[in-house]
Amino acid sequence: MALEQNLKELEDIAEKLECGGVSLDEGIKLYEKGIELTKKCLADLNASKDKISAIKEEMAKLTDKTRQEG
């Protein structure tokens, strides 16, 4: 759920920056927050990718084992 929340916050920040009307200081703070959220999202996506790879490897082992036994 954290990924979805971070993506939503990132979208909100992008909208604020695109619409304008923020001071330079606020814009910089929003930009920095956006960078941090992007890093978190990428880390979450990479962790999910690693989990999926591990599951696929385990399934491949099980499939190979079943084929060898059959």
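Keep in mind that what you see is a predicted model, and the values were worked out from it rather than measured.
Considering only residues two or more places apart in sequence or on other chains, L62 meets the side chain to side chain contact (heavy atoms under 4.5 Å, CB included) condition with E58, M59. Listed by chain and residue number, nothing satisfies the side chain to side chain contact (heavy atoms under 4.5 Å, CB included) test with S48 (two or more places apart in sequence, or in another chain). Evaluation of the salt bridge (charged side-chain N to carboxylate O under 4.0 Å, His left out) rule for K8 yields D12 as partners, not counting sequence neighbours. Every residue two or more places apart in sequence or in another chain was checked for a side chain to side chain contact (heavy atoms under 4.5 Å, CB included) with E18, and none qualifies.
For the salt bridge (Lys or Arg N to Asp or Glu O under 4.0 Å) condition, the pairs that include at least one residue of residues 39-52, sequence neighbours left out, are E36-K39. Screening residues 23-34 for salt bridge (Lys or Arg N to Asp or Glu O under 4.0 Å) gives E9-K33 as the qualifying pairs, with residues at least two apart or on separate chains.
I28 and V22 fall into different hydrophobic clusters, where Ile, Leu, Val, Met, Phe, Trp and Tyr are joined by side-chain heavy atoms under 4.5 Å apart, directly or via other members.
Closest approach of L7 to C41, counting heavy atoms only: CD2-SG, 3.8 Å. Shortest non-hydrogen contact noted between L10 and L37 is N-CD1, 3.9 Å.
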